[in-house]
Novice: 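Take a look at the following structure, please.
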Amino acid sequence: MSVKPLRECGPAARIAVIAGDGIGKEVTPESVKAIRSAITSARRQIEFVEFDWGADKFLREGVSLPAGAVEMLANEFDAILFGALGDPRVPSNQHAADILLGLRFKLDLFVNARPVELFHDRLTPLRDRSANDIRFMVFRENTEGLYVGVGGFFKKDTPDEIAVQEDVNSRKGVERIIRHAFDYARRNQLKRVCMSDKSNAMNFAHDLWQRVFKQVLQEYPEIESRHLYIDTLAMEVVRDPRQFDVIVTCNLFGDIISDLGAQLAGGLGLAPSGNIHPGRTSLFEPVHGSAPNIAGKGIANPLGSILTSGMMLDFLGWKSEGHALRNAVRSALQENFVTPDLGGDKGTVEVGDWIAKRLADR
Ligand SMILES: NC(=O)c1ccc[n+]([C@@H]2O[C@H](COP(=O)([O-])OP(=O)(O)OC[C@H]3O[C@@H](n4cnc5c(N)ncnc54)[C@H](O)[C@@H]3O)[C@@H](O)[C@H]2O)c1
């Protein structure tokens, strides 16, 4: 079966690099190094263009996401490699919201793809589970739900205060993420799609999810479709993660269940993600934040960012290079050539150099 890439960029790709703040600035260069090393074929050309958007620029110039940035990224780049945003000097986190949420919403990156894959048995907190048991994809709706910021206060700061946060679900939004999950399963010969909601309690918003799911699944008769309420899903993912190939859910539940999944597979330092609109400029970022508590110490784990780069190369259709990055990470974990968060004593650059050499030697 021929697999169509989600972005037809051909042999040449242009990547915008936004390293951001804190450890974003430390892990992202290691990812760029790994990608360069993975691209051995002369047929492939990649250009990286760096942007200094982050807390320093915001504090210096008052600029978070510069005017025209969204259009420029959409028109001139195939993908965005992102580090992390967040700085104690900006307690409001205004720049992070402007840049990251701005790009997610304005580029309409409706798919948040969070693969959960255990690369080495010792990394899971689950007893008696091995690498073959923990491998599934979580698709979180990324542009709607409770995160759209519709709501308000009534009688704020009084004892009678009321706060309202609206859960926005459009038929178009629900349908496209559910369809994406089924298409992904079909493209990758995966057998099972589980849709999760809370339709027993959220009887308007998630009634829509139910109806759309039942309609879309008819088009994928070869795939086993299943529904679980989100509370049951949380229990089942821990009890027996082998049940799942693809999970699709709304913005809030996807945020939570994918973090649970990340912990099953080794934690924040290893978790990659993609913010995707198939066919358009999409953004790839490790799940972790800027980790101010370890920033500048040279000990941040770069493997989450490198796995993120693997997802980005898959998205571009450069499957063999994406695969090579994942294999190099697997080898580093097998040989325990890792940073302190995974029990090792190596530094960020040391691990990055090791990965780059491994890729160059292959
Ligand atoms: N997408 C993003 O840019 C993003 C995501 C989450 C948090 N943040 C921001 O990051 C800042 C810090 O947030 P936080 O502390 O809640 O989350 P965090 O992910 O930055 O850190 C949580 C813990 O995990 C550790 N950690 C994270 N990544 C690691 C890595 N690669 N290697 C080793 N250890 C790692 C940190 O040292 C810390 O102890 C905040 O400003 C927050 O808003 C940004």
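Order of appearance sets the numbers: ligands from 1, and atoms from 1 within every ligand. Numbers here simply count residues along the sequence, with the first being 1.
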Novice: Only heavy atoms count here, so choose which of I294, N301, L101 is nearest to atom 34 (N) of ligand 1.
Specialist: I294

Novice: Looking at ligand 1, would P292 count as a contact under a 4.0 Å heavy-atom criterion?
Specialist: yes

Novice: Does R140 use its side chain to pair, donor to acceptor, with the backbone of N251 at less than 3.5 Å?
Specialist: yes

Novice: Right, does atom 41 (O) of ligand 1 have protein non-hydrogen atoms nearer than 4.0 Å?
Specialist: yes

Novice: Does a salt bridge link D52 with R60, judged by any charged N lying under 4.0 Å from a carboxylate O?
Specialist: yes

Novice: Atom 8 (N) of ligand 1: which protein heavy atom is closest, and how many Å away?
Specialist: G289 CA, 3.4 Å

Novice: Does the N or O separation between L100 and ligand 1 drop below 3.5 Å for any pair?
Specialist: no

Novice: Just need the protein heavy atom nearest to atom 3 (O) of ligand 1, so name the residue and atom and give the distance.
Specialist: L85 N, 2.9 Å

Novice: Just distances here: any N/O of G269 and N/O of ligand 1 closer than 3.5 Å?
Specialist: no

Novice: Ignoring hydrogens and geometry, is there a side-chain-to-backbone donor-acceptor pair from D21 to G54 under 3.5 Å?
Specialist: no

Novice: Can a salt bridge be assigned to the pair K172 and E175 using a cut-off of 4.0 Å between side-chain N and carboxylate O?
Specialist: no

Novice: Would you say the ring centers of F204 and H206 fall short of 6.0 Å from each other?
Specialist: no

Novice: One thing to verify: whether D183 and R187 come together as a salt bridge, which I'm taking to mean a side-chain N less than 4.0 angstrom from a carboxylate O.
Specialist: no

Novice: In the protein, which heavy atom is nearest to atom 39 (O) of ligand 1, and how far is it?
Specialist: N293 ND2, 3.0 Å

Novice: Should the pair D245-R135 be classified as a salt bridge under the 4.0 Å nitrogen-to-oxygen rule?
Specialist: no

Novice: Taking atom types as modelled and ignoring hydrogens, do the side chains of S130 and N132 form a donor-acceptor contact shorter than 3.5 angstrom?
Specialist: no

Novice: R104 to ligand 1: N or O pair under 3.5 Å?
Specialist: no

Novice: Is there a protein heavy atom less than 4.0 Å away from atom 16 (O) of ligand 1?
Specialist: no

Novice: Could you tell me which atoms of ligand 1, counted from 1 in the order shown, lie closer than 4.0 angstrom to a heavy atom of G86?
Specialist: 41 (O)

Novice: Hey, is R186 close enough to E222 for a salt bridge, meaning N to O under 4.0 Å?
Specialist: yes

Novice: Between R104 and E285, does at least one N-O distance fall below 4.0 Å, as a salt bridge requires?
Specialist: yes

Novice: Looking only at distances, please establish whether an N/O atom of ligand 1 is found under 3.5 Å from an N/O atom of A84.
Specialist: no

Novice: Given L283, L268, L342, V287, identify the one with the heavy atom nearest to atom 24 (O) of ligand 1.
Specialist: L268

Novice: Once you restrict to heavy atoms under 4.0 Å, what part of I23 touches ligand 1? Side chain, backbone, both or neither.
Specialist: side chain

Novice: Any idea which heavy atoms bring T339 and P302 closest together, and the distance?
Specialist: CG2-CD, 4.2 Å

Novice: How far is atom 43 (O) of ligand 1 from its nearest protein heavy atom, and which residue and atom is that?
Specialist: N93 ND2, 2.9 Å

Novice: Provide, to 0.1 Å, the distance between atom 26 (N) of ligand 1 and the closest protein heavy atom, together with that atom's residue and name.
Specialist: A291 CB, 4.2 Å

Novice: To which protein heavy atom is atom 10 (O) of ligand 1 closest, and what is the distance rounded to 0.1 Å?
Specialist: S290 N, 3.0 Å

Novice: Does some non-hydrogen atom of A300 fall short of 4.0 Å from ligand 1?
Specialist: yes

Novice: Of the protein's non-hydrogen atoms, which lies at the shortest distance from atom 27 (C) of ligand 1, and what is that distance?
Specialist: H288 CB, 3.6 Å

Novice: Name the closest protein heavy atom to atom 1 (N) of ligand 1, giving the residue it belongs to and the distance to 0.1 Å.
Specialist: E285 OE1, 3.0 Å

Novice: For R358, is there an ion pair with E335 - N to carboxylate O distance below 4.0 angstrom?
Specialist: yes

